[in-house]
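In what follows, every chain begins at residue 1, and chains take the letters A, B, ... in the order their sequences are listed.
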Amino acid sequence: MNFLYYFDLLGTFVFAISGVLTASNKKFDVFGASVIAFVTAIGGGTLRDILIGDFPVGWINDLNYLYVVLSAIIISTIFKKYIAQLRKTLFLFDTIGIGVFTIIGIQKALLFDISPIIAVMMGTISAVFGGVLRDILCNETPLIFRKEIYATPCILGGFTYLVLSHLDVHLNIISLVTASLIISVRLFAVKKNWSLPRFN
Amino acid sequence: MNFLYYFDLLGTFVFAISGVLTASNKKFDVFGASVIAFVTAIGGGTLRDILIGDFPVGWINDLNYLYVVLSAIIISTIFKKYIAQLRKTLFLFDTIGIGVFTIIGIQKALLFDISPIIAVMMGTISAVFGGVLRDILCNETPLIFRKEIYATPCILGGFTYLVLSHLDVHLNIISLVTASLIISVRLFAVKKNWSLPRFN
Amino acid sequence: MNFLYYFDLLGTFVFAISGVLTASNKKFDVFGASVIAFVTAIGGGTLRDILIGDFPVGWINDLNYLYVVLSAIIISTIFKKYIAQLRKTLFLFDTIGIGVFTIIGIQKALLFDISPIIAVMMGTISAVFGGVLRDILCNETPLIFRKEIYATPCILGGFTYLVLSHLDVHLNIISLVTASLIISVRLFAVKKNWSLPRFN
């Protein structure tokens with residue numbers, strides 16, 4: 001499923017750019033911004049690999065992830081002004097990113113013989129924990145715990161993946177349907193300004 | 001030692017409830033509260049498993065932990081008002097929780113041929129690091145670094161475990177004595193409002 | 001290369017003292033200060049071991065690290081006043097520490113057949129992430145993301161290590177040259193008050 005791999009790299013690229021943008025708001029230096037870019041982009045997948053026990057973690061054995069993150073850092077440094085104007089495009093790619101990360105996370109977990117419900121968790125962790133680690137390193141309360149519909153589409157998509165998988169649908173179709181669902185729910189939720197109920 | 005397993009689930013349940021209560025003070029949404037509940041309940045054991053190298057980490061292979069945490073989230077959502085009135089009961093169960101978590105952590109570390117003094121550390125980490133990770137995710141300075149006698153009973157209990165173990169006392173007796181010691185010291189310390197000396 | 005091992009213990013000692021000093025500014029109690037000392041001293045190497053998959057992580061199998069950290073905690077408690085006056089000496093040893101940690105991190109990564117560029121990252125992580133984790137546990141934005149030239153000498157040193165290694169220079173010479181370079185760049189950068197450019 002080579003196309004998933006390229007979308008994974010695309011998601012990594014966009015997540016890294018979002019990391020640089022966050023770091024620039026915190027007045028970090030070039031090193032700090034690079035760490036944030038890296039953690040945002042590969043943090044979720046790294047945590048998933050650690051929990052299921054796949055060592056060394058993914059990006060250590062495939063230098064493409066490092067190169068993609070470094071490119072994102074360089075490009076967002078040079079084209080700083082343009083990137084601020086590309087928020088809508090970035091948001092779209094970010095949404096594609098969480099869709100792809102969720103699917104890859106689930107697939108990897110199932111490959112490790114992990115039970116389906118935990119595999120959905122692993123997919124969601126892959127998609128959202130990079131952003132959580134970014135916020136912790138920036139000394140902020142994680143955004144997705146309070147404001148945005150972000151993990152919910154991943155969880156819904158994850159269970160859709162399991163159902164289709166159970167029905168013996170072809171893997172490419174499953175991936176396409178799951179990703180489309182995650183992306184549509186997320187776009188729709190943001191457009192409608194949906195949020196989850198609070199505890200208080 | 002089946003009874004330890006059920007107390008472990010009970011401790012997980014109570015820790016998850018305390019996570020939801022903390023999250024509700026931070027105005028997190030349902031997803032954020034669920035993450036905090038999960039991290040509080042299984043964070044300590046997860047860190048222990050990662051450090052000693054037991055993969056996949058414990059709760060991934062035993063769905064009961066996930067079900068217990070989900071139940072705690074649902075129950076504390078429905079019975080929010082009642083739970084606020086149960087603080088004393090929750091505190092007692094939380095204290096039982098750290099006792100059990102310490103013992104299980106030590107036993108697991110010893111099973112991995114880890115030296116006894118590090119095993120006591122692993123027991124203490126199992127008991128207290130869920131709360132530390134909860135506070136970090138909530139962007140708070142970890143409570144137990146400043147105010148409460150929390151880890152001290154675990155450390156004392158841990159060394160008691162080692163001594164009794166050395167004297168070839170039966171494992172059930174060791175667990176019972178260690179847990180009772182941890183629970184009594186903690187209850188007594190809170191009652192007497194004890195605290196550790198500060199650095200300043 | 002036994003002398004590297006002793007410098008590693010020395011670095012661990014000094015990092016632990018810096019952890020205690022940070023904790024004392026935050027009014028932590030003895031337990032909190034000990035956790036911070038431990039995390040500062042062994043956090044970077046622990047993260048490196050987890051990412052490359054070396055379990056149990058290093059300090060679990062070699063009690064000397066625990067003893068060195070405990071000594072640092074005790075000594076910095078007793079000689080609190082003197083240590084405040086030793087800032088320059090501590091700074092020098094801290095700088096030796098990052099030099100040694102970088103080299104040991106690279107060597108370990110290469111031993112695990114990790115690609116050279118990632119090995120430089122692992123060396124840098126070994127040297128700087130203890131301080132990052134310390135700041136996160138203290139609920140502070142990591143210092144090295146904003147103010148200091150800290151990771152840059154490690155990265156420069158790391159690439160020097162790779163080049164010399166490629167030229168088949170003797171390992172002892174490589175270590176000596178790399179450490180000297182890291183230490184000089186860091187001392188010079190602090191003296192000249194250098195900092196990296198910011199994002200804003």
Side-chain angles (χ1 to χ4, degrees), chain A residues 44 46-57 105 108-125 127-129 131-156 186 189 194-200, chain B residues 17 19-39 42-43 45-47 49-67 69-70 72-74 76-81 83-84 132-142:
Chain A
T46 301
L47 180 57
R48 174 204 62 216
D49 287 352
I50 292 173
L51 293 174
I52 66 180
D54 182 30
F55 298 103
V57 299
K108 193 162 192 182
L110 292 176
L111 216 69
F112 273 72
D113 272 326
I114 280 164
S115 70
I117 191 170
I118 301 280
V120 172
M121 273 184 78
M122 292 300 136
T124 307
I125 286 174
V128 310
F129 248 82
V132 171
L133 293 174
R134 173 199 64 207
D135 293 343
I136 291 173
L137 283 173
C138 291
N139 201 19
E140 305 275 359
T141 305
L143 187 66
I144 64 163
F145 291 172
R146 305 179 70 167
K147 275 192 188 157
E148 276 188 72
I149 294 279
Y150 198 85
T152 316
C154 303
I155 297 169
L156 290 177
R186 161 108 167 110
W194 280 348
S195 64
L196 289 177
R198 282 195 189 167
F199 269 89
N200 43 18
Chain B
I17 288 181
V20 172
L21 294 179
T22 309
S24 86
N25 291 333
K26 302 284 291 184
K27 300 195 179 163
F28 284 178
D29 62 23
V30 172
F31 172 73
S34 302
V35 173
I36 300 300
F38 209 82
V39 168
I42 54 87
T46 301
L47 180 57
D49 286 352
I50 292 173
L51 293 174
I52 65 180
D54 182 29
F55 298 103
V57 298
W59 53 270
I60 285 187
N61 278 336
D62 182 349
L63 285 178
N64 284 340
Y65 291 92
L66 178 61
Y67 297 147
V69 173
L70 291 177
I73 295 168
I74 293 168
S76 54
T77 309
I78 300 177
F79 300 103
K80 224 181 290 182
K81 285 180 190 169
I83 284 173
V132 171
L133 293 174
R134 174 200 63 207
D135 293 343
I136 292 174
L137 282 174
C138 291
N139 200 20
E140 304 276 358
T141 305

For B/N64, what residues pass the side-chain contact (heavy atoms from CB on, under 4.5 Å) criterion, not counting sequence neighbours? B/Y5, B/L9, B/D62, B/Y67
Rounded to the nearest 0.5 Å, how far apart are CD1 of A/I144 and CZ of B/F31? 4.5 Å
As an exercise, state the distance from CG of B/N61 to CG of A/D113, rounded to the nearest 0.5 Å. 9.5 Å
Are [X] and [Y] close enough that some pair of their side-chain heavy atoms sits under 4.5 Å apart?
X	Y	value
B/F28	A/L196	no
B/I60	A/M121	no
A/S195	B/D29	no

With a 4.5 angstrom heavy-atom cut-off, could you sort out which part of B/V35 is near chain A: side chain, backbone, both or neither? side chain
Cut-off 4.5 Å, heavy atoms of chain B, and the answer for A/F55 is side chain
Under 3.5 Å donor-acceptor pairs involving side-chain atoms of residues 133-142 of chain A, not counting sequence neighbours:
unit_1, atom_1, unit_2, atom_2, d
A/D135, OD2, A/L143, N, 2.9
A/N139, ND2, C/N139, O, 3.3
A/E140, OE2, A/K26, NZ, 3.1

